[in-house]
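Okay, so here's the structure we're looking at.
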Amino acid sequence: MNNDCIFCKIATNQLPSEKVYSDEEIIAFKDINPQAPVHILVIPKRHIISADELTKDDIELAGRMILIAQQIARQFHLDGGYRIQTNIGADGGQVVPHLHFHLLGGKKL
Ligand code: DGP
């Protein structure tokens, strides 16, 4: 938990969000500024800054994050395809420094 991190606050319910998935180590919630009809963020509850910070110890966590995005894509009937994207650092377009996978779909991207 990083007290200055909005996604840590969402993960601990100190800030509201429209959650679509939650387990002991991962949550998913609707993006506040959607770029597609379906735009969901999948995040670890643990404060990891970005994918660049992942280590071998996180292989299972990172894999589970992708499988959860896949499961949510099915739940939202993104049968025509979708995008899973993660931005890393300022040059990568990352604004919130807590690892998140964008799940985007519902239109031709
Ligand atoms: P990125 O640029 O990859 O760091 O994307 C951050 C995303 O997080 C951006 O699409 C907007 C979203 N976001 C930022 N603050 C909040 C928030 O307080 N609630 C929710 N649901 N989404 C947020």
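Here the structure is a predicted model, which is why all the values come from computation and not from measurement. Counting starts at 1 for both ligands and their atoms, following the listed order.
Ring pair His47/His98 is perpendicular by interplanar angle, where above 60° counts as perpendicular and below 30° as parallel.
The Leu41 neighbourhood of ligand 1 comprises atoms 8 (O), 12 (C), with distances under 4.0 Å to a heavy atom of that residue. The ligand atoms of ligand 1 that sit less than 4.0 angstrom from a heavy atom of Ile6 are 15 (N). Taking every heavy atom of Phe29 and a limit of under 4.0 angstrom, the matching atoms of ligand 1 come to 20 (C), 21 (N). Shown in contact with His100 at under 4.0 Å from a heavy atom are these atoms of ligand 1, numbered in order with element: 1 (P), 3 (O), 4 (O), 5 (O), 6 (C). Set against the non-hydrogen atoms of His102, the atoms of ligand 1 under 4.0 Å away are 1 (P), 3 (O), 5 (O), 7 (C), 10 (O).
Residue Val96 has at least one N or O atom closer than 3.5 Å to an N or O atom of ligand 1.
Looking only at protein heavy atoms, the nearest one to atom 21 (N) of ligand 1 is Lys30 O, 2.8 Å. Atom 8 (O) of ligand 1 has Phe7 CZ, 3.4 Å as its closest protein atom, hydrogens excluded (heavy atom only). Residue, atom and distance of the protein heavy atom nearest to atom 18 (O) of ligand 1 are Ile10 CD1, 4.0 Å. In terms of protein heavy atoms, atom 16 (C) of ligand 1 is closest to Ile32 CG2, 3.8 Å. Shortest contact from atom 2 (O) of ligand 1 to any protein heavy atom: Gly93 O, 2.9 Å. Shortest contact from atom 10 (O) of ligand 1 to any protein heavy atom: Asp31 OD2, 2.5 Å.
Neither the backbone nor the side chain of Leu15 comes within 4.0 Å of ligand 1, counting heavy atoms alone.
At distances below 3.5 Å, at least one donor-acceptor pair connects side-chain atoms of Thr86 with backbone N or O atoms of His100. Of the possible donor and acceptor atoms, none in the side chain of Lys108 sits under 3.5 Å from a partner among the backbone N and O of Gly80. In this structure a side-chain-to-backbone donor-acceptor pair under 3.5 Å is present from Gln35 to Asn33.
Other residues, nucleotides and ligands contribute more than 12 heavy atoms inside 6.0 Å of the CG atom of Asn2.
Residue contact check for ligand 1: Ser17 places no non-hydrogen atom closer than 4.0 Å to it. Taking a 4.0 Å cut-off on heavy atoms, Gln85 fails to register as neighbouring ligand 1.
Residue Asn13 comes nearest to Lys19 through the heavy atom pair OD1-NZ, 2.8 Å, listed as atom of the first residue, atom of the second, then distance. Residues Gly105 and Ala36 approach most closely at O-CB, 3.6 Å, considering heavy atoms.
With Val95, Ile88, Asn87 as candidates, the residue nearest to atom 4 (O) of ligand 1 on a non-hydrogen basis is Val95.
Rounded to the nearest 0.5 Å, atoms CZ (Phe7) and CD1 (Ile48) are 14.0 Å apart. The line from CD1 of Ile32 to CG of Leu15 is 9.0 Å long, rounded to the nearest 0.5 Å.
Of the candidates Ile68, Ile72, Asp31, Leu104, Ile72 is the only one forming a side chain to side chain contact (heavy atoms under 4.5 Å, CB included) with Ile40.
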